[in-house]
Amino acid sequence: MISSRCWFLAAPEAPSVPSRQVQDPESVIPTSVNYHFTRQCNYKCGFCFHTAKTSFVLPIEEAKNGLAMLKAAGMEKINFSGGEPFLQDRGNFVGKLVEYCKKELRLPSVSIVSNGSLITEKWFQIYGEHLDILAVSCDSFEEEVNKLIGRGKGKKNHVEKLMKIRKWCRDYNVAFKINSVINHYNVDEDMTKEIEMISPIRWKVFQCLIIDGENCGDDALRQAEKFVISDEEFRGFLNRHKNMKCLVPESNQQMRDSYLILDEYMRFLDCRNGRKDPSRSILDVGVENAIKFSGFDEKMFFKRGGKYVWSKADLKLDW
């Protein structure tokens, strides 16, 4: 196993330049960016590939400055993720960033990925109008399977909360999306009935991904090998759900290089070598210099359907 780095609160040293680049870095535009502003989470999903290796969160004004820099560089869509984004300041931190991106930056699309456990209707009342898409992670509609995976806490029922959030999205005009990680414990499940009932605008189905230093290796906080499925098993799950119009599948190959990921320091993370190698922060060197070391494969981004109708102003939300 390749040894991995751990990055903590101290300012990181600039990593070495990756040995290869997917394309001419001058042509990379950060059209869609995933900002993992926190690594902290209240769940313990066994396959998690962005784990709580630091507790660092940028001051909100610095985060806004970085977001403005990304907008100036061509960003159209921002997705806030974690960790669990609703942990910080009871959801007000991400709420203020959502409002800033929509009202001040006037981004076409602002979205969040959450496990859903900490979302309240009050949050929708305050910030819902500024949010285009809310994605909730749900790997199974069998609560015992969710518990096996680690997507649960105490006596709270993950699926019941999912249904509440689905209703709030309808009430406050936010497009609803589901993300599922297909792994050893849910690969044989048929989710057709539940997905048809919920009717998300997109159902992202990911193959369980191994990242050295995150969910495998000596310094990792998770050991996800027992969750891994083969490509054949993943294709079997997709075939079972092939008639679902909202299905958006992503294999390991499609996932690894096709996302622009910013970590909690606003560093792009290059996942091409099976681990997360950080650039320098865009706050220190600018977007153009940092993005050269993102490992981003723009062709794969478009091939996997990364660009879609992502503004609720353009979506026909038929509830």
Spacing of [atom1] belonging to [X] relative to [atom2] belonging to [Y], to within rounding of 0.5 Å:
X    : Y    : atom1 : atom2 : result
N157 : E143 : CG    : CD    : 4.0 Å
N179 : C138 : CG    : SG    : 10.5 Å
I229 : N186 : CD1   : CG    : 7.5 Å
S137 : E84  : OG    : CD    : 8.5 Å

Output all residues satisfying side-chain contact (heavy atoms from CB on, under 4.5 Å) with T120, sequence neighbours left out; order by chain, then residue number.
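Listed in chain order: K122, W123.
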
Any residue meeting side-chain contact (heavy atoms from CB on, under 4.5 Å) with E144, in chain and number order, not counting sequence neighbours
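Listed in chain order: K147.
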
For residues [X] and [Y], determine if any side-chain heavy atom of one lies less than 4.5 Å from a side-chain heavy atom of the other.
X    : Y    : result
P278 : L269 : yes
F86  : F93  : no
F176 : L162 : yes
Y100 : I60  : no
E225 : C216 : yes
L70  : L262 : yes
K167 : K164 : no
N183 : V187 : no

Pair [X] + [Y]: basic N to acidic O under 4.0 Å:
X    : Y    : answer
K102 : D132 : yes
D263 : R267 : yes
D270 : R272 : yes
E61  : K64  : yes

Using the side chain to side chain donor-acceptor pair (under 3.5 Å) rule, take Q207 and D231 through it: C-alpha gap first, then chi angles, then the decisive distance, then the call.
CA-CA 8 Å; Q207 183 180 4; D231 293 346; 3.0 Å; yes

Residues that R202 engages under salt bridge (Lys or Arg N to Asp or Glu O under 4.0 Å), provided they are two or more places apart:
none

[X] (side chain) donor-acceptor with [Y] (main chain) under 3.5 angstrom:
X    : Y    : result
H130 : E99  : no
S281 : Y265 : yes
N289 : G286 : no
R240 : E189 : yes
R166 : I198 : yes
K276 : D212 : no
E264 : T38  : no
H241 : M191 : yes
D190 : T192 : yes
N146 : S140 : yes

Between Y185 and D139, is any side-chain donor less than 3.5 angstrom from a side-chain acceptor?
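Their side chains do not contain a donor-acceptor pair, so the 3.5 Å distance test is not met.
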
I'd like a table of donor-acceptor pairs (distance under 3.5 Å, sequence neighbours excluded) in which one partner is a side-chain atom from residues 103-113, with atom names and distances.
from : atom 1 : to   : atom 2 : distance (Å)
S109 : OG     : W310 : O      : 2.6
S111 : OG     : K77  : NZ     : 2.8
S111 : OG     : N79  : OD1    : 2.8

Apply the test side chain to side chain contact (heavy atoms under 4.5 Å, CB included) to residues F124 and C169: give CA-CA distance (whole Å), side-chain angles for both, the deciding distance (0.1 Å), then the verdict.
CA-CA 8 Å; F124 279 94; C169 283; 3.9 Å; yes

Could you check K307 against E76 for salt bridge (Lys or Arg N to Asp or Glu O under 4.0 Å), going step by step and ending with a plain yes or no?
CA-CA 10 Å; K307 183 73 181 285; E76 299 176 21; 3.5 Å; yes

Quick check with a 6.0 Å cut-off and a 45 degree axis cone: is R151 positioned over the face of F47's six-membered ring?
no

Determine the minimum heavy-atom distance between A175 and L315, stating which atoms define it.
CB-CD1, 3.8 Å

Residue pair H184 / V228: nearest heavy atoms and the distance that separates them:
CB-O, 4.5 Å

Verify the cluster assignment for F80 and W168: are they in a single hydrophobic cluster under the rule of side-chain heavy atoms below 4.5 Å apart?
yes

In terms of the angle between their ring planes, are F237 and W203 parallel, tilted or perpendicular, with boundaries placed at 30° and 60°?
perpendicular

As a quick check of understanding, evaluate side chain to side chain contact (heavy atoms under 4.5 Å, CB included) for Y259 and R304, giving each step before the final call.
CA-CA 10 Å; Y259 284 85; R304 68 166 173 82; 3.4 Å; yes

Stepwise, does the side chain to side chain contact (heavy atoms under 4.5 Å, CB included) test hold for E196 with M244?
CA-CA 8 Å; E196 284 182 342; M244 306 298 298; 3.6 Å; yes

Quick one: ring-ring contact (aromatic ring centres under 6.0 Å, His included) partners of F268, sequence neighbours excluded?
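For F268, no residue satisfies ring-ring contact (aromatic ring centres under 6.0 Å, His included) once neighbours in sequence are set aside.
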
Name all residues meeting the side chain to side chain donor-acceptor pair (under 3.5 Å) criterion together with S117; count only those two or more places apart in sequence or in a different chain, and write none if there are none.
N42, N115

